[in-house]
Novice: 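I'd like to ask you about the structure that follows.
All values below were derived from every heavy atom in this structure, side-chain atoms included, with hydrogens, water molecules and symmetry-related copies excluded.
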Amino acid sequence: MSVLPSRSTSIDPYLRHIADRLPGPASVRRRLLDEIQDHLSEETDALVSTGSDPAVAADRAVASFGSTDAIVEEFRRELARWSTARSALLLLAGTLAFTGLWIGILATGPNAPWTEQHEPLGLVWTDVVGTLAMVMTLIVVMLANVFYWLPIRTRSHHPVVRKGPDLAVLACRFGIRTLTCSLSSIVAYVLMRVYLAPRSLEWLDIGFGTTTSIIAIVALISMSRSLRAIPVAIRRPPREVVGPSC
């Protein structure tokens, strides 16, 4: 009795070809590949139940699903949308969390040994830069979430609204820069204050806040690399060329 070829003879190479070209986190790639495999298995089983040879049924299921180029391109867009939404929410939550953290640390700690009029200039500048950058980050990441979710919630076909995901990517990239600038300025402020007046700080709180901020800066650099890989298409519509009237 002859042994029928396994359906994996065509499905497995198909999945491997997609997996080799698919970007994004391994967990997300695995989920997408599992979805494809489930779909192909269901279609193959349906064809086999009608009397088709398993190998032929697998080939037909793969052919009907589409070329690997089309699948990879669609999943690239899906991963880009997922990465943008995740980054926008993380940036918003992170900005609110670090704002509350540092306000709490500096407001509840010991008083500085100088008045506001005689505060060292370096501390003044790092405080101003850190505060302004944090406020700007909060505004930008709120806009990023609005840009991303507005076309999804409203289902609007307006060309400006439909560019929301692209605008969200740009807003997230800018928000990463401003949040990194803010956290760096705060860490610089703390280091200067440690040098000038170490007794004016609550060391346990400062150690926790500084360590957390440095870890966040490293995470922001990684997030920036991920967002830079997302293509953005923000173009002005071409102008109509009006020829001379006859």
Novice: Under the ring pair (Phe, Tyr, Trp, His ring centres under 6.0 Å) rule, what pairs show up with a residue in residues 49-73, not counting sequence neighbours?
Specialist: His39-Phe65
Novice: Verify, without hydrogens or angle tests, whether Thr137 (side chain) and Ala133 (backbone) share a donor-acceptor contact under 3.5 angstrom.
Specialist: yes
Novice: Just checking Asp38: does its CG atom have more than 12 heavy atoms from other residues, nucleotides or ligands closer to it than 6.0 angstrom?
Specialist: yes
Novice: Roughly how far apart are Cys172 SG and Met223 CE, rounded to 0.5 Å?
Specialist: 8.0 Å
Novice: Do any N or O atoms from the side chain of Tyr14 and from the backbone of Ala63 form a donor-acceptor pair under 3.5 angstrom?
Specialist: no
Novice: Examine distances only and state if a side-chain atom of Trp149 and a backbone atom of Thr154 form a donor-acceptor pair shorter than 3.5 Å.
Specialist: no
Novice: Could you tell me whether a side-chain N or O of Thr50 sits under 3.5 Å from a main-chain N or O of Leu47, the two making a donor and an acceptor?
Specialist: yes
Novice: Does Arg173 have more than 12 heavy atoms from other residues, nucleotides or ligands lying within 6.0 Å of its CZ?
Specialist: yes
Novice: Taking Asn145 for its side chain and Ala88 for its backbone only, find out whether a donor-acceptor pair lies under 3.5 Å.
Specialist: yes
Novice: Would the number of heavy atoms belonging to other residues, nucleotides or ligands and lying under 6.0 Å from CE of Met192 be above 12?
Specialist: yes
Novice: Cut-off 3.5 Å, side chains only: do Ser64 and Glu43 have a donor facing an acceptor?
Specialist: yes
Novice: Does any N or O in the side chain of Ser200 come within less than 3.5 Å of the main-chain N or O of Ala197, such that one atom is a donor and the other an acceptor?
Specialist: yes
Novice: Identify the two heavy atoms, one from Val48 and one from Pro54, that lie closest to each other, and give their separation to 0.1 Å.
Specialist: CG2-CA, 3.8 Å
Novice: Going only through I, L, V, M, F, W and Y residues with side-chain contacts under 4.5 Å, is there a path from Leu183 to Phe208?
Specialist: yes
Novice: Does any N or O in the side chain of Thr178 come within less than 3.5 Å of the main-chain N or O of Gly175, such that one atom is a donor and the other an acceptor?
Specialist: yes
Novice: Indicate whether the side chain of Arg228 and that of Ser224 have a donor and an acceptor atom separated by less than 3.5 Å.
Specialist: yes
Novice: After noting the C-alpha distance and the side-chain angles of Trp125 and Ser185, does the key distance pass the side chain to side chain donor-acceptor pair (under 3.5 Å) rule?
Specialist: CA-CA 9 Å; Trp125 276 109; Ser185 299; over 6 Å; no
Novice: Would a 4.5 Å heavy-atom cut-off, applied to side chains only, mark Ile186 and Thr126 as touching?
Specialist: no
Novice: To the nearest 0.5 Å, how far apart are CG in Leu90 and OG1 in Thr95?
Specialist: 10.0 Å
Novice: Using a 3.5 Å distance criterion without hydrogens, assess whether the side chain of Ser87 forms a donor-acceptor pair with backbone atoms of Thr84.
Specialist: no
Novice: Output the distance between atom CZ (Arg86) and atom CG (Leu227), rounded to the nearest 0.5 Å.
Specialist: 9.5 Å
Novice: Does atom CZ of Arg81 have more than 12 heavy-atom neighbours from other groups under 6.0 Å away?
Specialist: yes
Novice: Are the side chain of Thr131 and the backbone of Val128 linked by a donor-acceptor contact shorter than 3.5 Å?
Specialist: no
